[in-house]
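Below is one structure, written out as C-alpha cells; the observations come after it.
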Amino acid sequence: MFARLLFESFRRQRRRKAFALLAIALGMSIITAMIAVANDTGDKMNQELRTYSANLVLTPVDDSLDVNLGGVNLKPASQGAYIRESDLPKMKDTFWSHNILGYAPFLSDQRSFTLLRDETNAGEIKADLIGTYFAQEIKIPGETFVTGVRSVNKFWQVQGDWPVDDSSNALAGTGLAAKAGLRIGDKLQVAGRTLTITGILATGGPEDEAIVAPLHLVQQVLGRPDQVRRAVVSALTKPEDDLARRDPKGMSPAVFDRWYCSPYATSISFVIHQALPNVNVEQIRQVEQNQGKVLARISGLLLLLTIAALLASALAVSAVMAATIIERRQEVGLMKSLGAGNGAVASLFLTEAGVLAVVGGLVGFAVGSLLAHRIGQSIFGSPITVHPVVLALVVFAALAVAFAGSTGAVRKAMRFDPALVLRGDA
Amino acid sequence: MNRPRLFLRLMLKAAWVRKDRAITALLSIAVVATMATVALTVYSDLEGKFSREFRRFGANVIVTARSGSLKRDDLTLIRKIIGSKGGVVPVGYAIGKSRDGSSVVVGGTDLSAFHEMNSWWKLDGGLFDGDALLGTRAAAALSPRAEPFEISYGGQNTLIKPRAIFHSGSDDDSRIYISLPQFSYLTDLQPSTAQLRITGRPAEIEQQVATLSAALPNAEVKPVRQITSAQTAVLDKTRAIVLAASAVVVVLIVVCMVATLTGSVLERRKDFAVMKALGASNRAVNLLFAGEAALTSLLGAIIGFIVGSGIALWIGQANFGAVIRPRLELLVPVILGSIILALVASSAPLRILRRIQPAGILRGE
C-alpha cells in the first residue's frame, strides 16, 4: 500500500517532482563542483608555480664563498668545492621523489670567446660561460625523466630556439648580446670548441651577461667532468606552518615522523641532504616563503566561497522542498480525513523526499564532476578529478537538505484542520 | 477604489494569503542575489587584495648604475615614479678581503630598511649586539660564533660586529651587509644598486619598469622575473578560477530559482482562471503577475545585496585580514538582473496558461 502510494505520487505529479528533482540536482552539482575546485586548486596552482621557478638550491657543503657581483662570478673555478653531477639523480630515489619535480645543475666560469662571423674573426668577448641542462634526459631506476631549466625555470625567456642538450648550441644573455652585438647564428670559439648562438636569453639575473650552453660541453671546456657548482630544485611543498618551523633535532619520534611525512620545504631539504650528504640545501626563500603564503590565501578564499555556495544551495533546495509540500496541503487533508495518522503522512512525504534526494544527489554529483573537470581543463590544462568521498558527502547533504526542507512543511500542513483545507479555506 | 489601488491591494493580498509561497519566492531571489553579490564583490577586489599580498614579496625590480654610482637625483626620480606605496633601498657593493685573504662581497645599505625589504629571510639564532647582517655562508666562513671580525678594502680596515645571521637561498647568503656610513668609510663608494618594490597590478609594474628605464638612461632596470612572472600567473589563474566557480554557482542557482518561480506561477492557475472568468484582460493579468514578480525580486535583491556584501566583507576579513568593501555600483546590476530573471521566470508559465480555457482550469483539468 505504502509502495503504491509512493509510486502513484511520482507518476501523477511528474511536473512537481521534476521541479524538486531539478532543484536538488542543481544544488548538489554546485556543491560537488565547488568542493572539487576548492580542494584541487591549491595543488594545481602549486604545480603551476613550480614550473615558473625552482624553490630549493643545492651547494657543496665545504665550499668557499661565492663572489658574485653585478652578474659576474669572480670566484675562480680552481677555488671551492663541487657537487658530482652523477649524484644528483639520487634525489629521485628518496621518500619525496614524487614531490621533486625537476632540477637544473649549474657550472660556470669566465672565459674569452672569439666571435666568428662569416668564417672571419670578428673580435674577442669576455663573459661567463654557464653550463646547465635545458631538457636533459636522466635515467633513474625504472624510468627516464626529462629535466632542466626549461621545466623548472620558466621565467627564463628565450628569443629564438632553445639549444638541445649535448649539442654545441648556446644562448647569449640579452645584456651581453646588446653590448657585444651578438646575433642569432653567430659562432663563438672557446677552448677549441665552436658554439652556435641559437637564441637570446632574458632572465633578469646574472645569465643576462653570460653565454649559456649545455652542461656537458661546458664541463669539457672548463675541464671539470661530472662537476657542478650549484643545482636548483623544483619541489612541490606544503606552505609552512608551526610544525614546519620546529627544529627536527628536538622533536619526539612521533612528531618527527609527522614532520618527515609532510612535504614541507624543510623536510624535503632534510631528505635531500640525507641522500646527498655533502650538499647543503637552502630554500630560495623569496620564492618559497612568499608563494606558500599566497597559496594559503587562495585555498582559504576558495574554501570560504565554497561555504557560501554550500549555504546558498542548501537554502535554495530546502525552500523548493518546502514549497512543493505546502502546495500539497489538500492531499494531506484528504489523507487525514480518510483516517491516516500523522506518522503515516509524514513517513510518506519524507520517503518521497528521500528518493528525490538520492536521485538528485547522484545526478548532481555527475553534473558537478563534469563541471569541475571542465573548469580544470580550461584553466590549468589538466582536469580536476572529484574524489569518490565527495559522492557520499553530496548524497548525505542532499538527504539532509531535503529532510530539513520537508519536515517543517509537513508539520505545518498537518496542523491545519482537514475539513478547512479541503474546502480551500486555509 | 481606483485601478492602481486595486492593483496594489491584489498584489499584497496575494502575498499575504499565501505567505509561504511569497516567502519561498523571496528567499530564492535573495539567495541568487546574495551569491551574485558575493562573487562579484570578491572578484572585483581580488587584484587589490593579492597586490597587498605581493607587497610582502619584497624587491621585484633591481636598478643598477651602468657605471659608477646612482646619483642622488636618480634616487629622487625613482621615488617619484614608484610613488609612496613602493619602497627603494639603495645598496653599494664592493669586494672586501677577510683576514685570511679570501674575498667576500660586502654590501652597504640602510640595514633596517634592507631587512624589511627582505622580510622573508630566516634569522639564525637571535640578535647580537652589533649592526651587520651576515649571510649564512658568509657567517660560517668568517664569524662562526657571531664574533666581530675585520674586513679590509684597499688600504682601509673596519671591524664588523654581527647583528644577525640570515638564510635567503640567494647570492646574499655569501654576502655581508653593513651600514652605509661604515661602507663609505671602508670603500669610499656610494650605492650603485637599488632594490625596488613596486606595488600594483602586474601590468602597472611592467609599465613602471618601462617608465623607469626611459627616465634612467644611465642605469639598467630589471624586474626580478622569478617574482613578477609568478605574480602574474597566480593572479591570472586565481581570477579565472574564482570567475569560473562563481559563474557555475550563480548560473545553477539562477536555473534553480527560475524553476521554483515557474512552478509557483503554475500552481496559481486557479487564481489565473478566476481572474479571467471575472473578465480581467490578458494585459491586466500579465501586469499583476509581473508586478508581483518585480516587487518580490526588488525586495529579494536588496536583501541579497546586503547579505552578500556582508559575506564578502567576512571573506576579506577571514582570509586576507582586510575588509572587502561593499560595492554600491553593483547594487543596480544586481537589482536589474533579479527583476529580469523573475519576469522571465513568470512569463513562460503565463504564456502556457493563456492557451488553456479558464473553465478547464477551474474544473481541475
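Just so it is clear, the model here is predicted, and its values are computed rather than measured. In the text below, chain A, chain B and the rest are named by the order of the sequence lines, each starting its count at 1.
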**Study point:** chain A contact via B/K49 - which portion, at a heavy-atom distance below 4.5 Å
**Key:** neither
**Study point:** chain A contact via B/V32 - which portion, at a heavy-atom distance below 4.5 Å
**Key:** neither
**Study point:** From CG (A/N290) to CD1 (B/I227), nearest 0.5 Å
**Key:** 6.0 Å
**Study point:** Which portion of A/L315 sits near chain B, non-hydrogen atoms under 4.5 angstrom
**Key:** both
Revision key, fill the gap. The interface call for A/T203 against chain B, heavy-atom contacts under 4.5 Å, is backbone
Review point. Given that the side chain runs from C-beta out, which part of B/I311 has a heavy atom under 4.5 Å from chain A: side chain, backbone, both or neither?
Key: side chain
Point to revise | Check: A/E48 and B/K237 side chains under 4.5 Å, non-hydrogen atoms | key: yes
Practice item. Before giving the answer on salt bridge (charged side-chain N to carboxylate O under 4.0 Å, His left out), spell out for A/E209 and B/K222 the whole-Å C-alpha distance, their side-chain angles and the decisive distance to 0.1 Å. Key: CA-CA 13 Å; A/E209 307 297 329; B/K222 283 189 175 176; 3.7 Å; yes
Practice item. Against chain A, work out which of B/S192, B/A59, B/A39 has the most heavy-atom pairs shorter than 4.5 Å and name it. Key: B/A59
Point to revise | Closest heavy-atom pair and its distance - B/R225, A/G204 | key: NE-N, 3.9 Å
Exercise for review: Work out which heavy atom in A/Q291 is nearest to a heavy atom in B/Q226; give both atom names and the distance.
Suggested key: NE2-O, 4.5 Å
Review point. With side chains defined as the heavy atoms from C-beta onward, is the minimum distance between A/F155 and B/T228 less than 4.5 Å?
Key: no
Check your understanding: Under a 4.5 Å heavy-atom cutoff, which of B/I315, B/I62, B/V31 has the most pairs with chain A?
Key -> B/I315
Point to revise | Partner set under salt bridge (Lys or Arg N to Asp or Glu O under 4.0 Å) for A/K293, not counting sequence neighbours | key: none
Review point. Taking all atoms of both residues into account, what is the closest heavy-atom pair of B/L27 and A/A319, and its distance?
Key: CD2-CB, 3.5 Å
Exercise for review: Examine whether an atom of A/I375 lies under 4.5 Å from a heavy atom of chain B, and if so say whether it belongs to the side chain, the backbone or both; otherwise answer neither.
Suggested key: side chain
Point to revise | Between B/S28, B/P223, B/A138, the one whose heavy-atom pairs under 4.5 Å with chain A are most numerous | key: B/A138
Review point. Sub-3.5 Å donor-acceptor pair from the side chain of A/Q289 to the main-chain atoms of B/S119, do we have one?
Key: no
Check your understanding: salt bridge (charged side-chain N to carboxylate O under 4.0 Å, His left out) between A/D66 and B/R137: does it pass, once the steps are laid out?
Key -> CA-CA 9 Å; A/D66 282 328; B/R137 295 177 64 191; 3.1 Å; yes
Point to revise | Proximity breakdown for B/V38 and chain A, heavy-atom pairs closer than 4.5 Å | key: side chain
Review point. Does any N or O in the side chain of B/E53 come within less than 3.5 Å of the main-chain N or O of A/R297, such that one atom is a donor and the other an acceptor?
Key: no
Exercise for review: Pick one of side chain, backbone, both or neither for A/L371, based on which atoms fall under 4.5 Å of a heavy atom in chain B.
Suggested key: side chain
Study note, to complete from the structure: With chain A, the option among B/I95, B/V224, B/V42, B/I23 that has the most non-hydrogen atom pairs under 4.5 Å is B/I95
Check your understanding: What part of A/S378 is in contact with chain B, defined as an atom under 4.5 angstrom from a non-hydrogen atom: side chain, backbone, both or neither?
Key -> neither
Review point. With a 4.5 Å limit on heavy-atom distance, are the side chains of A/D208 and B/E220 in contact?
Key: no
Practice item. Calculate, to the nearest 0.5 Å, the distance between atoms OG and CD belonging to B/S168 and A/Q286 respectively. Key: 8.5 Å
Study note, to complete from the structure: Heavy atoms of A/S313 and B/I253 approach each other most closely as N-CD1, 4.2 Å
Exercise for review: Measure distances from B/S102 to the heavy atoms of chain A and classify the residue's part below 4.5 Å as side chain, backbone, both or neither.
Suggested key: neither
Study note, to complete from the structure: Residues B/N319 and A/G300: closest non-hydrogen pair is OD1-CA, 3.3 Å
Exercise for review: Determine yes or no for a side-chain-to-main-chain donor-acceptor pair under 3.5 angstrom, with A/R285 supplying the side chain and B/W120 the backbone.
Suggested key: yes
Point to revise | Contact origin within A/L49 toward chain B - heavy atom pairs under 4.5 Å | key: side chain
Review point. What part of B/L46 is in contact with chain A, defined as an atom under 4.5 angstrom from a non-hydrogen atom: side chain, backbone, both or neither?
Key: side chain
Revision key, fill the gap. If one checks every heavy atom of A/A202 against chain B at 4.5 Å, the contacting part turns out to be both
Check your understanding: Where does B/L252 contact chain A at under 4.5 Å (heavy atoms): side chain, backbone, both or neither?
Key -> both
Point to revise | Which atoms of A/Q157 approach chain B - backbone, side chain, both or neither, heavy atom under 4.5 Å | key: side chain
Check your understanding: Is any side-chain heavy atom of A/L301 closer than 4.5 Å to a side-chain heavy atom of B/F320?
Key -> yes
Check your understanding: Which of the residues A/N280, A/V294, A/V287 is involved in the greatest number of heavy-atom pairs with chain B at under 4.5 angstrom?
Key -> A/V294
**Study point:** Segment of B/T136 engaging chain A (4.5 angstrom heavy-atom cut-off)
**Key:** side chain
**Study point:** Which atoms of B/A240 approach chain A - backbone, side chain, both or neither, heavy atom under 4.5 Å
**Key:** both
Point to revise | Gap between atom CZ of B/R239 and atom CD1 of A/I379 - 0.5 Å precision | key: 12.0 Å
Review point. Does any heavy atom of chain A fall under 4.5 Å from the side chain of B/D236, the backbone, both, or neither of them?
Key: neither
Check your understanding: In terms of heavy-atom pairs under 4.5 Å, which option from A/V57, A/I298, A/V37 contacts chain B the most?
Key -> A/I298
Check your understanding: Yes or no on side chain to side chain donor-acceptor pair (under 3.5 Å) for A/Q283 and B/H167, after CA distance, side-chain angles and deciding distance?
Key -> CA-CA 8 Å; A/Q283 298 173 36; B/H167 293 254; over 6 Å; no
**Study point:** Which portion of A/I284 sits near chain B, non-hydrogen atoms under 4.5 angstrom
**Key:** both
Revision key, fill the gap. Under 4.5 Å to a heavy atom of chain A? For B/S170 that would be neither
